[in-house]
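Please read all numbers here as calculations on a predicted model, not as lab measurements.
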Amino acid sequence: MLGRRDPPYLIEDVRLMRLHRRGDGRAREIMIGRYLPLARALASRYGRTAEPFDDLVQVASLGLVKAVDRWDPDRGIAFSSFAVPTILGELRRHFRDATWMVRPPRPLQELSLSVERVRERLNGTTGYEPTATDLAERLGRSPEEVEAALQASEGRTLRSFDTPLHDRDPSVPIEVIGEIERGYDEVEARATIERMTSILDARAREILRLRYEDDLVQSEIAKRMGCSQMQVSRILRSSIERLHLLASAA
């Protein structure tokens with residue numbers, strides 16, 4: 001429990017919290033306002049990430065509110081000591097749950113965040129981009145695990161199709177996407193035709209193929225099949241009627 005020998009700001013924190021417990025909403029607001037700079041400072045640790053800084057401050061502020069509502073001054077722990085891990089936990093939870101466009105498994109998410117933090121520290125102290133081996137040594141993990149984490153971190157944001165592929169390449173991803181392959185439609189149509197024409201005999205199927213695939217006229221088909229043009233016409237008409245009935249019943 002804090003006493004009179006403690007710094008004035010700690011005594012003031014205790015006084016405000018006791019007023020808050022008695023239902024004084026104003027005391028709660030003052031307490032939150034006193035420590036908003038702390039929340040902002042903790043949010044700035046993640047300032048180099050792709051997440052908007054204002055969003056990070058909002059998340060950190062939510063963690064601060066939770067800390068104010070949960071802190072028990074009678075346990076002898078200064079509020080700042082209690083609030084820091086609470087706010088950081090809220091920030092880590094935000095990065096773990098709300099910032100992934102493609103979400104990897106939880107262990108890989110957490111490793112990706114750890115890699116990102118170590119990467120920022122090494123970049124700031126050494127002035128160069130650390131390799132996967134450098135990061136692995138700092139984290140006590142294998143280079144393969146770090147490589148997987150770096151690859152997974154790319155799923156946190158999606159690149160626009162209008163973003164250049166490379167600094168020296170003015171083309172954009174949308175320009176290298178192939179056209180729709182028409183052959184797929186043809187394959188599906190052929191499979192459907194083969195399935196439906198299975199109710200016809202071999203002669204009728206061949207006459208249909210010559211007429212609609214090879215685009216022959218009835219007189220040419222008759223010569224090919226060794227029959228009269230009238231027979232070809234009758235077989236075509238009968239086959240189409242049977243296929244139409246089959247399609248209607250499907």
| field | Reported CG-to-NE2 distance for the pair Leu246 and His244, which is rounded to 0.5 angstrom | value | 11.0 Å

| remark: For Ala136 and Ser142 the tightest heavy-atom approach is CB-C, 3.8 Å

| message | Could you walk me through whether Arg234 and Gln231 satisfy the side-chain contact (heavy atoms from CB on, under 4.5 Å) test, starting with their C-alpha distance in whole Å, then the side-chain angles of each, then the deciding distance to 0.1 Å, before giving a yes or no? | response | CA-CA 5 Å; Arg234 185 171 62 251; Gln231 287 177 304; 3.5 Å; yes

| field | Distance (rounded to the nearest 0.5 Å) between Leu216 CG and Arg224 CZ | value | 5.0 Å

| query | Would you call Leu36 and Val57 a side-chain contact if the rule is heavy atoms closer than 4.5 Å? | reply | no

| said: Could you tell me if the side chain of Phe79 sits less than 4.5 Å from the side chain of Arg34, heavy atoms only? | reply: no

| field | Single-linkage hydrophobic cluster Tyr212~Met196, side-chain heavy atoms < 4.5 angstrom | value | yes

| remark: In terms of heavy-atom contacts, Ala39 and Ala60 come closest through O-CB, 3.4 Å

| query | If Ile, Leu, Val, Met, Phe, Trp and Tyr residues are connected whenever their side-chain heavy atoms lie under 4.5 Å apart, and connections chain through other members, are Ile240 and Ile221 in the same group? | reply | yes

| field | Within 6.0 angstrom of Arg21 CZ, more than 12 heavy atoms from elsewhere | value | yes

| query | Hey, is the main chain of Gly63 close enough, under 3.5 Å, to the side chain of Thr86 for a donor-acceptor pair? | reply | no

| request: Starting at CG of Leu139, measure out to CD of Glu145 and round the result to the nearest 0.5 Å. | output: 9.5 Å

| request: State whether the side chain of Ser233 and the backbone N or O of Met230 hold a donor-acceptor pair below 3.5 Å, judged by distance alone. | output: no

| field | Nearest heavy atoms of Ala132 and Val146, plus distance in Å | value | O-CG1, 3.9 Å

| Hey, are the side chains of Arg28 and Asp69 touching, using non-hydrogen atoms and a 4.5 Å cut-off? | yes

| task | State, yes or no, whether a side-chain contact exists between Tyr35 and Ile87 at a heavy-atom distance under 4.5 Å. | result | no

| remark: When every non-hydrogen atom of Pro37 is compared with those of Gly33, the smallest separation belongs to CD-O, 3.8 Å

| task | Verify the cluster assignment for Leu91 and Val65: are they in a single hydrophobic cluster under the rule of side-chain heavy atoms below 4.5 Å apart? | result | yes

| Residues Cys227, Arg203; criterion side-chain contact (heavy atoms from CB on, under 4.5 Å); working and verdict | CA-CA 11 Å; Cys227 61; Arg203 188 184 189 192; 3.3 Å; yes

| How about Leu56 and Arg45: do any of their side-chain heavy atoms sit closer than 4.5 Å? | no

| task | To the nearest 0.5 angstrom, please state how far the CG atom of Leu200 sits from the CD atom of Glu206. | result | 12.5 Å

| What are the two closest heavy atoms between Ser219 and Gln229, and how far apart are they? | CB-OE1, 3.7 Å

| query | Heavy atoms, side chains only, cut-off 4.5 Å: are Val59 and Tyr46 in contact? | reply | no

| If only atom types and distance count, is the side chain of Ser239 paired as donor or acceptor with the main-chain N or O of Leu236 below 3.5 Å? | no

| message | Check Glu116 with Arg119, please: is the shortest side-chain N to carboxylate O separation under 4.0 Å? | response | no

| request: Starting from the C-alpha separation in whole Å, work towards a yes-or-no answer on salt bridge (Lys or Arg N to Asp or Glu O under 4.0 Å) for Asp24 and Arg18. | output: CA-CA 9 Å; Asp24 188 338; Arg18 287 176 177 168; over 6 Å; no

| field | Verify same cluster id: Val118, Leu42 (apolar side-chain graph, 4.5 Å) | value | no

| query | Is the shortest heavy-atom distance from the side chain of Ile30 to the side chain of Leu19 under 4.5 Å? | reply | no

| Would you say Leu150 and Leu111 are hydrophobically clustered, going by side-chain heavy atoms of ILVMFWY under 4.5 Å? | yes

| message | What's the separation between atom CE in Met17 and atom CG in Asp74, rounded to the nearest 0.5 Å? | response | 10.0 Å

| query | Sub-3.5 Å donor-acceptor pair from the side chain of Trp71 to the main-chain atoms of Ile77, do we have one? | reply | yes

| message | Measuring from atom CD of Glu90 to atom CG of Leu64, what distance do you get when rounded to the nearest 0.5 angstrom? | response | 11.0 Å

| field | Crowding at CZ, Arg138 (>12 non-hydrogen neighbours, <6.0 Å) | value | no

| Salt bridge between Lys223 and Glu220, side-chain N to carboxylate O under 4.0 Å? | no

